[in-house]
Amino acid sequence: MADPKGFMTTPREEWPRRPVEERVRDWDEVYVPGALLPIISKQADRCMDCGVPFCHDACPLGNLIPEWNDLVSREDWRAASDRLHATNNFPEFTGRLCPAPCEAGCVLAINQPAVTIKNVECAIADHAWAEGLASPRPPERLSGRTVAVIGSGPTGLAAAQQLTRAGHTVAVYEKDDRLGGLMRYGIPEFKMQKHHLERRLDQMRAEGTKFRTSVVVGRDLRAAELRARYDAVVIATGATAWRELSVPGRELDGIHQAMEYLPLANRVCEGDLAESPMSAAGKHVVIVGGGDTGADCLGTAVRQRAASVTQLDIYAQPGAERDEDVEPWPTYPKIYRLSAAHEEARDLETAPSADADARLFAASTLRFTGDGSGHVRSLHLVEVDEARRPVPGTGRTLPADLVLLALGFSGPDREDGLLDQLGVATEPRGTVSRDTGFATNVPGVFAAGDAARGQSLIVWAIAEGRAVAAAVDRYLTGSSQLPSPISPHDRPMTV
């Protein structure tokens with residue numbers, strides 16, 4: 001604890017965002033470049049080095065947060081990088097994309113603003129790359145065992161890197177033309193520029209991990225053939241089966257799933273397309289769904305110069321502070337949060353009829369209506385009570401030329417035939433079944449990440465990847481020195 005009074009003398013200060021009018025004109029990250037390092041040492045000083053640090057339990061990776069806070073406060077960046085990378089393969093990803101449940105569990109957060117753990121983590125990761133502290137770590141010797149990882153999202157990449165470093169020969173199979181899964185085509189560029197992803201992939205290649213893109217296992221490569229080639233297989237395909245909205249008018253043109261819309265915008269940023277064929281430019285856009293994916297659609301539509309953008313959230317607007325009776329510390333509370341996209345929509349007034357920023361809370365879609373050519377033109381909604389029952393007399397209509405459904409995901413997509421060909425058992429909700437060691441009912445086949453856990457956070461995805469790597473290593477060699485931060489049945493600290 002470098003400054004024992006830091007939490008009393010230093011107020012919380014977060015990484016500043018660029019002005020709204022500036023950042024919506026490009027696709028660069030929303031934060032002011034270079035503005036984090038000058039403030040981060042003092043912010044790390046606010047950490048109290050608690051005897052029982054609940055941030056450890058709130059983070060599924062078990063990040064050694066007080067340790068690297070202390071090292072950053074002393075500006076010992078090399079040691080801080082070592083401690084951070086000891087538990088997290090990709091801290092620059094989580095530092096940008098994770099909602100920071102660790103901060104909700106910060107002991108200081110009992111009665112003060114939490115330590116800016118997420119910002120400190122990002123600063124360490126970026127500094128490590130800038131100073132050459134994230135060099136490849138190839139294994140000293142090979143085990144002679146082979147592993148196939150299906151899916152190159154955060155779970156698949158974490159599992160592959162851990163297994164490669166343990167000496168196994170690992171090949172990652174990805175159905176898309178580029179690696180990264182949802183981080184590549186689901187996360188907008190303004191949240192995480194893809195050069196962060198590319199340099200980790202280069203690091204993994206240098207360590208010995210092999211990558212196979214544009215291969216749909218189950219269709220382009222039969223699962224039985226894959227299973228015969230490798231000593232073990234890890235299913236890390238994510239939860240890509242999106243939820244539907246079964247209301248009248250759903251068949252109209254102009255109503256799309258969020259994950260049909262977002263990848264096209266990312267492909268424009270990649271240079272594949274000059275313009276998205278599903279652009280929001282000049283259109284009245286309504287986003288159905290109040291989560292992070294909906295916010296990503298919101299920020300994307302704003303940058304595409306939509307005429308208006310409104311986001312519908314079926315839940316009531318939460319309060320600004322934690323309700324200690326309902327969601328006591330250190331659980332992750334449901335409070336009103338203003339993402340960068342919502343800040344943009346608020347300042348630009350993209351939805352004049354919204355309750356706050358661009359969101360209409362406690363709103364449920366009744367039906368869509370279209371024009372004579374079968375294209376959507378209106379969304380009809382009603383307010384709902386806490387039990388999601390319609391409130392009489394609250395119906396209203398929004399103009400809608402483009403409707404984006406961001407209702408979450410139920411489990412892995414089965415259309416490619418992978419799960420059926422492997423013969424793995426599934427849960428009633430559609431996720432892959434596994435035992436306490438991440439193993440499926442098929443010997444040598446393991447499952448991790450959203451494909452088995454269900455839709456979750458990136459920090460849980462990385463933790464799953466690290467844990468399944470330890471399980472596979474143990475299966476192949478009889479024992480393992482790899483860390484296993486979670487079990488398949490661990491759950492976030494929520495009420």
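The figures here come from the full heavy-atom set of this structure, side chains too, leaving out hydrogens, waters and symmetry mates.
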Taking Asp126 for its side chain and Gly34 for its backbone only, find out whether a donor-acceptor pair lies under 3.5 Å. no
Which atom of Ala301 lies closest to which atom of Val309, heavy atoms considered: CB-CG2, 4.0 Å
With a 4.5 Å limit on heavy-atom distance, are the side chains of His342 and Gln311 in contact? yes
What's the shortest heavy-atom distance between His85 and Ala128, and which atoms? CE1-CB, 4.3 Å
List the steps and the verdict of side-chain contact (heavy atoms from CB on, under 4.5 Å) for Phe409 and Asp450. CA-CA 9 Å; Phe409 306 90; Asp450 290 4; over 6 Å; no
With a 4.0 Å cut-off on N to O distance, would you call Asp272 and Arg178 a salt bridge? yes
Does any donor atom in the side chain of Ser152 or Glu174 lie under 3.5 Å from an acceptor atom in the other side chain? yes
Are the side chains of Val233 and Tyr173 in touch, meaning some heavy atoms are under 4.5 Å apart? no
Between Thr331 (side chain) and Pro333 (backbone), is there a donor-acceptor pair under 3.5 Å? no
Give, for atom OG1 of Thr94 and atom CG of Leu457, the distance between the pair rounded to the nearest 0.5 Å. 11.0 Å
So, does Arg18 use its side chain to make a donor-acceptor pair with the main chain of Asp28 at under 3.5 Å? yes
Under a 4.5 Å cut-off applied to non-hydrogen side-chain atoms, are Lys175 and Asp416 in contact? no
Can you see which heavy atom on Thr155 is nearest to which on Gly449, and at what distance? OG1-CA, 3.4 Å
Check: Asp177 and Arg267 side chains under 4.5 Å, non-hydrogen atoms: yes
Could you tell me whether the side chains of Thr397 and Ser378 share a donor-acceptor contact shorter than 3.5 Å? no
When you compare the side chains of Ser433 and Glu427, does any donor N or O come within less than 3.5 Å of an acceptor on the partner? yes
Quick check: does any side chain N or O of Trp242 sit under 3.5 Å from a backbone N or O of Ala406, one acting as donor and the other as acceptor? no
Locate the shortest heavy-atom distance separating Pro485 from Ala463; write the atom from each residue and the value. CG-O, 3.7 Å
If you take all heavy atoms of Pro412 and Gly430, which pair is closest and at what distance? CD-O, 3.4 Å
Could you tell me if Arg96 and Tyr31 have a donor-acceptor pair between their side chains, going purely by distance under 3.5 Å? no
Checking the side chain of Arg17 only, and the main-chain atoms of Val30 only, is there a donor and an acceptor separated by less than 3.5 Å? no
Would you say that Phe211 contacts Val149 through its side chain, given a criterion of any heavy-atom pair below 4.5 Å between the two side chains? no
Take Val459 and Phe90, measure what side-chain contact (heavy atoms from CB on, under 4.5 Å) needs, and give me the verdict at the end. CA-CA 9 Å; Val459 69; Phe90 315 121; over 6 Å; no
Hey, is the main chain of Ala104 close enough, under 3.5 Å, to the side chain of Arg322 for a donor-acceptor pair? yes
So the side-chain hydrogen bond (donor to acceptor under 3.5 Å, both in side chains) pairs with at least one residue in residues 454-472 (sequence neighbours excluded) are Asn89-Arg466, Arg434-Glu464, Arg453-Glu464
Output for pair (Leu402 CG, Leu379 CG), nearest 0.5 Å, gives 11.5 Å
Are the side chain of Gln304 and the backbone N or O of Ala280 linked by a donor-acceptor pair below 3.5 Å? yes
Contact between Leu179 and Leu197 at the side-chain level, heavy atoms closer than 4.5 Å - yes or no? no
Is there a donor-acceptor pair under 3.5 Å between the side chain of Gln421 and the backbone N or O of Ala223? yes
Quick check: closest heavy atoms across Pro60 and Ile486, and the distance to 0.1 Å? O-CG2, 3.3 Å
Does the Lys NZ or Arg CZ of Arg388 fall within the cation-pi geometry relative to Tyr315 - under 6.0 Å from the ring centre and within 45° of the axis? yes
May I ask you to test the Glu13-Asn119 pair for a side-chain heavy-atom distance under 4.5 Å? no
Less than 4.5 Å apart, side chain to side chain, heavy atoms only: is that true for Arg377 and Asp401? yes
Side-chain (Lys118) to main-chain (Cys98) donor-acceptor, under 3.5 angstrom: yes
Any side-chain to backbone donor/acceptor pair from Asp435 onto Phe438? Under 3.5 Å, distance only. yes
Look at Glu344 together with Arg23 and state whether they make a salt bridge at an N to O cut-off of under 4.0 Å. yes
Answer yes if the side chains of Ser487 and Asp490 hold a donor-acceptor pair under 3.5 Å, and no otherwise. yes
Applying side-chain contact (heavy atoms from CB on, under 4.5 Å) to Lys194 and Asn266, what does each step give before you reach the verdict? CA-CA 10 Å; Lys194 300 307 179 283; Asn266 275 304; 3.7 Å; yes
Only counting residues at least two apart or in another chain, list the ones meeting ring pair (Phe, Tyr, Trp, His ring centres under 6.0 Å) with Phe190. none
Would you please test Arg229 and Thr146 for side-chain contact (heavy atoms from CB on, under 4.5 Å) and show each step? CA-CA 8 Å; Arg229 286 186 192 178; Thr146 58; over 6 Å; no
